[in-house]
Amino acid sequence: MRPGIALIRLVVCLLSGIWIIGAGLPAGAATTERIVVNRFSGVAIEGFDPVAYFVAGRAMRGTAEFEASLWGAVWRFRNEGNRASFLAHPEIYGPQFGGYDPADIARGVTIAGNPRFFAIVAQRLYLFSREANRDAFAANPERFLYEVGKRWPALWEQLSQ
């Protein structure tokens with residue numbers, strides 16, 4: 001295995017532990033800064049269906065008909081199948097770093113990702129604040145994930161629960 005791929009897998013495994021810690025929140029819990037949500041509605045990632053990125057390969061809005069509460073956020077889906085997939089494996093389908101832009105995290109700041117600018121790398125979803133950040137990340141994800149691995153734990157602690 002190439003060293004870069006091993007690093008990505010290590011970082012993803014470490015970050016998956018963050019998702020597991022957050023999974024203990026009760027449904028309907030107050031919103032959190034650790035997941036990018038609309039501060040008025042509590043809806044995560046602007047109501048886009050996180051599973052649709054994987055199955056449709058594009059950003060698609062979910063509907064209020066198919067919602068789930070997890071990690072202090074309301075998640076919307078296009079159908080019951082996507083909802084069920086997310087609830088069975090939120091660590092896979094949920095956006096990494098709570099939906100914050102990994103390119104910005106690598107610089108030491110937390111800026112919400114825009115659900116329209118995304119990448120799937122090593123079977124994980126990443127959201128970006130700008131198209132240029134997504135393109136830079138896609139060109140060298142190992143470099144960004146290495147930097148994120150150094151900065152994310154401290155930034156995570158600064159975000160309110």
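Residue indices begin at 1 and follow the sequence shown. These numbers come from a predicted model, not from an experiment.
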Q | Criterion salt bridge (charged side-chain N to carboxylate O under 4.0 Å, His left out) against Glu46, the qualifying member of Arg39, Arg116, Arg76 | A | Arg116
Q. Do the side chains of Phe66 and Val55 join up, straight or via other hydrophobic residues, at under 4.5 Å, putting them in one cluster?
A. yes
Q. Under the side-chain contact (heavy atoms from CB on, under 4.5 Å) criterion, do Asn114 and Ser129 qualify, and how do the steps go?
A. CA-CA 5 Å; Asn114 180 331; Ser129 60; 5.8 Å; no
Q.
My understanding is that only one of Phe117, Phe144, Phe137 makes a ring pair (Phe, Tyr, Trp, His ring centres under 6.0 Å) with Phe128; could you say which?
A. Phe137
Q: Kindly work out whether a path of hydrophobic side-chain contacts (I/L/V/M/F/W/Y, heavy atoms less than 4.5 Å apart) joins Met60 to Val36.
A: no
Q | CZ-CD distance between Phe77 and Glu65, expressed to the nearest 0.5 angstrom | A | 13.5 Å
Q) Looking at Ala139 and Pro141, what are the two nearest heavy atoms and their distance? A) C-CD, 3.9 Å
Q: Take the angle between the ring planes of Tyr100 and Trp152 and call it parallel below 30°, perpendicular above 60°, tilted in between.
A: tilted
(Q) Checking the side chain of Asp49 only, and the main-chain atoms of Arg78 only, is there a donor and an acceptor separated by less than 3.5 Å? (A) yes
Q: Grab the two heavy atoms, one from Pro95 and one from Ile45, that are nearest each other, plus how far apart they are.
A: CG-CG2, 3.9 Å
Q: Hey, could you give me the CG/CG distance between Asp104 and Asn133, rounded to the nearest 0.5 Å?
A: 5.0 Å
(Q) Once rounded to the nearest 0.5 Å, what's the spacing between atom CG of Leu145 and atom CG of Asn140? (A) 9.5 Å
Q: For atom CD of Glu80, decide whether the heavy atoms of other residues, nucleotides or ligands shown that lie under 6.0 angstrom number more than 12.
A: yes
Q.
Cation-pi check for Trp75 against Arg83: NZ or CZ below 6.0 Å from the six-membered ring centre and within 45 degrees of the axis, yes or no?
A. no
Q.
Could you see if Tyr126 belongs to whatever hydrophobic cluster contains Val109? Use Ile, Leu, Val, Met, Phe, Trp, Tyr and a side-chain cutoff under 4.5 Å.
A. no
Q) Should the heavy atoms of other residues, nucleotides or ligands under 6.0 Å from CD of Glu67 be counted, would the total exceed 12? A) yes
**Q.** Closest non-hydrogen atom pair, Pro50 against Leu125
**A.** O-CD2, 4.1 Å
Q | Spatial distance of atom CD (Glu91) from atom CD (Gln96) [nearest 0.5 Å] | A | 9.5 Å
Q. Out of curiosity, Arg130 CZ to Ile111 CD1, how far, rounded to the nearest 0.5 Å?
A. 8.0 Å
Q) Any idea which heavy atoms bring Ile35 and Ala44 closest together, and the distance? A) CG2-CB, 4.3 Å
Q: Check for a donor-acceptor pair, side chain of Tyr93 on one end and backbone N or O of Asn82 on the other, with a separation under 3.5 Å.
A: no
Q: Mind listing the closest non-hydrogen atom pair of Ala106 and Val148 along with its distance?
A: N-CG2, 3.9 Å
Q. What distance separates Ile92 CD1 from Ile120 CD1, expressed to the nearest 0.5 Å?
A. 11.5 Å
Q. Do Ile105 and Leu159 belong to the same hydrophobic cluster, where Ile, Leu, Val, Met, Phe, Trp and Tyr are linked whenever their side-chain heavy atoms lie under 4.5 Å apart, directly or via other members?
A. yes
Q. Considering all heavy atoms of both residues, which atom of Phe97 and which atom of Pro102 are nearest to each other, and what is their separation?
A. CE1-CB, 3.8 Å
Q: Measure from the side-chain N and O atoms of Arg34 to the backbone N and O of Trp156, and report whether any donor-acceptor pair falls under 3.5 Å.
A: yes
